[in-house]
Every structure is written in C-alpha cells, then in structure tokens.
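First up is the structure itself, then whatever we jot down about it.
Quick note: numbers below take in every heavy atom, side chains included, and nothing from hydrogens, waters or symmetry partners.
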Amino acid sequence: HPTEAKGWSVSGDLYFIDERLNNALVAYQKALSINKDVFQVWQQVLAIHNQNRDWNKVIEVSGEAMELFPNQAIIYLFRGGAEMQLKEYDRALKTYNRGEKMSAGNTKLQAQFFANLGDAYHSLRRETESDSAYDKSLRLDPENAYVLNNYSYYLSLRKQNLEKAKQMSAYANKLEPNNDSFLDTYAWIMFQLGDFNAAKEAQEKALKAGGDQSGTILEHYGDILSKLGKKDEALNYWKKAKELGTDSGTIDKKIAEQKYFE
C-alpha cells in the first residue's frame with residue numbers, strides 16, 4: 001500500500017527507533033507528501049533535524065508546521081532552539097513568548113519555555129527579565145537541575161544574590177551528582193564568596209568527574225589555586241586550559257603575568 005501515509009509513518013518510527021535517522025526522515029517525508037494532517041509526523045521530522053543540528057531546516061519545517069498547527073507549543077520550542085543556536089536571540093525571544101502562551105495547562109512544557117526565555121534574555125543581557133523567567137520556571141518545576149545550575153551560574157558571573165545562587169547550585173548537584181559542569185558552577189560561586197578552600201574541593205570533584213577535558217574548568221581551577229597562593233600549580237592549569245581551548249579573554253594575560261585577572 002505505497003499510497004498509505006500511515007504505512008510510511010510506521011516505517012519512519014521503526015527506523016527512528018533503530019537510530020537510522022536518514023531512513024526515518026525519508027519515510028516521514030513520504031508520509032507527509034501523502035497526508036500533512038498528522039502532527040506527530042511533523043514532530044518527528046523536527047526532532048531529526050534538531051538531532052542533526054540542521055538549524056536552518058528546523059526553522060524551515062517549523063514554519064510549515066505552524067501554518068497547519070499554530071496552537072502546538074512544541075513547534076515553537078524547536079524553532080526557538082534553532083534560532084538560539086543561530087544567535088538570532090530577538091527572534092528566539094518572540095518565538096518562545098508565543099510558545100509559552102500555547103503551553104498553558106502543561107506545567108512541564110511551560111516551565112521549559114520560561115527556562116528558555118531566561119536563556120534568551122540572558123543572551124540579550126536583559127538580566128532582570130532573565131532572572132524573572134528563571135524564577136517562573138522553577139516555581140513550576142523546582143527540580144529542574146539544568147535551570148538551577150544555569151541560573152546560579154549566571155548570578156555568580158554577575159556577583160549577585162550569591163547566597164541564593166549557592167543554594168540553587170547545591171540543590172542541582174544533589175539532584176544530579178557527579179556532573180562536572182554543575183560542580184564547576186558550585187566551585188565558582190564559592191570562589192566569588194571568597195571561600196577558596198571550598199571552591200578547591202568542589203573543583204577537584206569536577207575534574208574527577210570529567211572536567212579535566214574542559215578548558216573552562218581547568219582555567220577555573222587555576223584561578224582557585226592562584227587565590228590560595230599556589231602560583232606554580234595555577235600556571236600549570238592555565239597552560240592546560242589554553243591547550244584545550246577556553247573562551248576566556250584573560251587566559252593569555254594570566255599566563256604571561258602569572259596571576260589571576262577577572
């Protein structure tokens with residue numbers, strides 16, 4: 001029955017389960033060419049493009065899907081995510097705001113939209129609105145470890161509400177222990193609070209959890225060692241961080257002058 005859309009969509013599902021994404025995409029697209037009215041097929045196509053990190057395709061397909069299913073919030077989640085990846089933050093903000101309105105009644109989904117709005121506002125350096133969005137997200141889903149971590153890390157970068165950041169980061173680490181990124185966040189908060197021994201302890205856990213492959217985590221460990229007066233060790237970790245790659249704008253200055261710079 002080659003003209004039956006359902007047969008093609010089931011075929012797509014089987015390929016998808018088997019992680020043969022290209023085959024799945026071909027089958028789903030064939031199903032849509034016969035019948036465009038099944039939302040789940042559109043969702044699977046978006047998921048594949050998203051997994052393939054084909055952001056332009058996500059935007060293209062989401063636009064087609066929105067015309068048919070303008071009230072399906074998940075479409076806005078995919079599209080906003082693609083726009084964020086392309087650094088089109090203003091567009092992502094509009095997309096997430098529209099999607100959040102569509103998600104009323106679905107607590108988890110609405111919490112995710114507020115979390116993503118927090119990310120978008122942060123990228124636009126609209127920190128007050130970013131904080132408000134994260135707070136709304138956590139009121140709906142207080143155990144979202146990633147929101148707890150991101151929110152607390154951004155506060156630490158701004159050196160604001162550090163006690164609140166400490167509590168959120170500690171809870172994120174309780175929910176998801178041995179996450180090198182979460183441990184790094186906690187260490188950095190303790191660094192900003194001036195508790196360098198506690199920062200060192202947390203950062204060493206981050207390194208053991210896989211953070212020894214992260215330029216940022218290695219650089220932070222060097223920063224902590226520098227504050228503890230361990231100049232030679234700090235320099236060693238800064239050099240390792242530079243070799244692995246870090247987006248810090250001060251790493252060269254730290255190495256050259258052998259001291260910490262913000």
Please check if atom CD in Glu257 has more than 12 non-hydrogen atoms from other residues, nucleotides or ligands closer than 6.0 Å. yes
Closest approach of Ala165 and Ser152, non-hydrogen atoms and distance? O-CB, 3.3 Å
Mark yes or no for whether Asn97, through its side chain, and Leu93, through its backbone, hold a donor-acceptor pair below 3.5 Å. yes
To the nearest 0.5 angstrom, please state how far the OG atom of Ser11 sits from the CD atom of Glu4. 14.0 Å
Can any side-chain N or O of Asp184 pair as donor or acceptor with the backbone N or O of Asp180 at less than 3.5 Å? no
Rounded to the nearest 0.5 Å, how far apart are CD of Gln51 and CD of Gln44? 10.0 Å
Side chain to side chain contact (heavy atoms under 4.5 Å, CB included), that's the test. Do Glu64 and Leu32 meet it? Break it down for me. CA-CA 11 Å; Glu64 296 175 38; Leu32 290 176; over 6 Å; no
Common cluster, Met190/Leu218, ILVMFWY with side-chain heavy-atom separation under 4.5 Å: no
Just so I know, are the side chains of Tyr151 and Asp135 near enough to count as touching, which here means a heavy-atom distance under 4.5 Å? yes
Glu67 and Lys36 ion-paired at < 4.0 Å: no
Judged by atom type as modelled, is there a donor-acceptor pair below 3.5 Å linking the side chain of Ser132 to the main-chain atoms of Glu129? no
Answer whether the closest heavy-atom distance between the side chains of Trp238 and Glu219 falls below 4.5 Å. yes
Looking only at the side chains, is there a donor atom on one of Tyr186 and Asn149 sitting less than 3.5 Å from an acceptor on the other? no
For Trp8, does the CH2 atom sit with more than 12 other heavy atoms under 6.0 Å from it, leaving out its own atoms? no
Between Ile75 and Phe69, the two heavy atoms sitting closest are CD1-O, 3.5 Å
In short, Ala24 meets Gly12 closest at the heavy-atom pair CB-O, 3.5 Å
Does Glu201 reach the side chain of Lys205, with side-chain heavy atoms less than 4.5 Å apart? yes
Heavy atoms of Leu77 and Tyr96 approach each other most closely as O-CE2, 4.0 Å
Rounded distance (nearest 0.5 Å) linking atom CD of Glu243 with atom CD1 of Ile251: 10.5 Å
Single-linkage hydrophobic cluster Leu109~Tyr146, side-chain heavy atoms < 4.5 angstrom: no
Are Leu46 and Val26 joined in one hydrophobic group, where the rule is that I, L, V, M, F, W and Y side chains link up if heavy atoms are under 4.5 Å apart? no
Whether the side chain of Ser9 engages the backbone of Tyr28 through a donor-acceptor N/O pair (distance < 3.5 Å, no angle test) should be reported. no
What is the distance from atom NZ of Lys259 to atom NZ of Lys231, rounded to the nearest 0.5 Å? 9.5 Å
Is there a donor-acceptor pair closer than 3.5 Å between any side-chain N or O of Asn144 and the backbone N or O of Val147? yes
Please determine whether ring pair (Phe, Tyr, Trp, His ring centres under 6.0 Å) holds for the pair Phe196 and Phe191, giving the CA-CA distance in whole Å, both sets of side-chain angles, and the decisive distance to 0.1 Å. CA-CA 5 Å; Phe196 302 120; Phe191 180 92; 5.4 Å; yes
How far apart are the C-alpha atoms of Glu83 and Arg79, what are their side-chain angles, what is the distance that settles it, and do they pass the salt bridge (Lys or Arg N to Asp or Glu O under 4.0 Å) test? CA-CA 6 Å; Glu83 289 165 340; Arg79 186 184 184 92; 3.3 Å; yes
Without swapping roles, check the side chain of Tyr237 against the backbone of Ile217 for a donor-acceptor pair under 3.5 Å. no
Taking all non-hydrogen atoms of both residues, which atom of Met84 and which atom of Ser123 are closest, and how far apart? CE-OG, 3.8 Å
If you round to the nearest 0.5 Å, how far is CG of Asn71 from OG of Ser103? 12.0 Å
So if I apply the side chain to side chain contact (heavy atoms under 4.5 Å, CB included) rule between Leu155 and each of Asn150, Thr185, Asp131, which one comes out positive? Asp131
Asn116 side chain to Gln112 side chain, donor-acceptor N/O pair below 3.5 angstrom: yes
With the threshold set at 4.0 Å, does a side-chain nitrogen-carboxylate oxygen contact exist between Lys57 and Glu60? yes
With a 4.5 Å heavy-atom cut-off, do Glu127 and His122 have their side chains touching? yes
Check the pair Glu262, Lys159 against salt bridge (Lys or Arg N to Asp or Glu O under 4.0 Å), reporting the backbone distance first and the verdict last. CA-CA 12 Å; Glu262 287 192 11; Lys159 301 181 183 179; 2.6 Å; yes
No-hydrogen, no-angle side-chain donor-acceptor test under 3.5 Å, Tyr221 and Glu204: yes
Validation row: Leu148, Phe182 side chains within 4.5 angstrom (heavy atoms): no
Would a distance-only check, ignoring hydrogens and angles, find a side-chain to backbone donor-acceptor pair under 3.5 Å from Asn35 to Asp37? yes
Is there a donor-acceptor pair under 3.5 Å between the side chain of Ser169 and the backbone N or O of Lys166? no
Side-chain heavy atoms of Glu100 within contact of Lys136, under 4.5 Å: no
Return the CG to CG distance between Leu124 and Asp90, rounded to the nearest 0.5 Å. 5.0 Å
Count I, L, V, M, F, W, Y as connected when their side-chain heavy atoms are under 4.5 Å apart, and connections chain through other members. Are Val61 and Met102 then in the same cluster? yes
Asp119 backbone acceptor or donor facing Tyr134 side chain under 3.5 Å: yes
Starting from the C-alpha separation in whole Å, work towards a yes-or-no answer on side chain to side chain contact (heavy atoms under 4.5 Å, CB included) for Trp188 and Leu157. CA-CA 9 Å; Trp188 197 243; Leu157 292 179; 4.0 Å; yes
Tyr76-Phe39 co-clustered via ILVMFWY side chain contacts under 4.5 Å: yes
Charged N to carboxylate O under 4.0 angstrom, Lys240 versus Asp212? no
Decide yes or no for Ile59 and Phe78: does some side-chain heavy atom of the first lie under 4.5 Å from some side-chain heavy atom of the second? no
Nearest heavy-atom neighbours spanning Ala92 and Gly80: CB-O, 3.7 Å
Side chains of Phe16 and Leu21, heavy atoms from C-beta outward: is any pair under 4.5 Å? yes
Start with the C-alpha distance between Leu25 and His49, add both sets of side-chain angles, then the distance that settles side chain to side chain contact (heavy atoms under 4.5 Å, CB included), and finish with yes or no. CA-CA 9 Å; Leu25 185 59; His49 289 314; 3.7 Å; yes
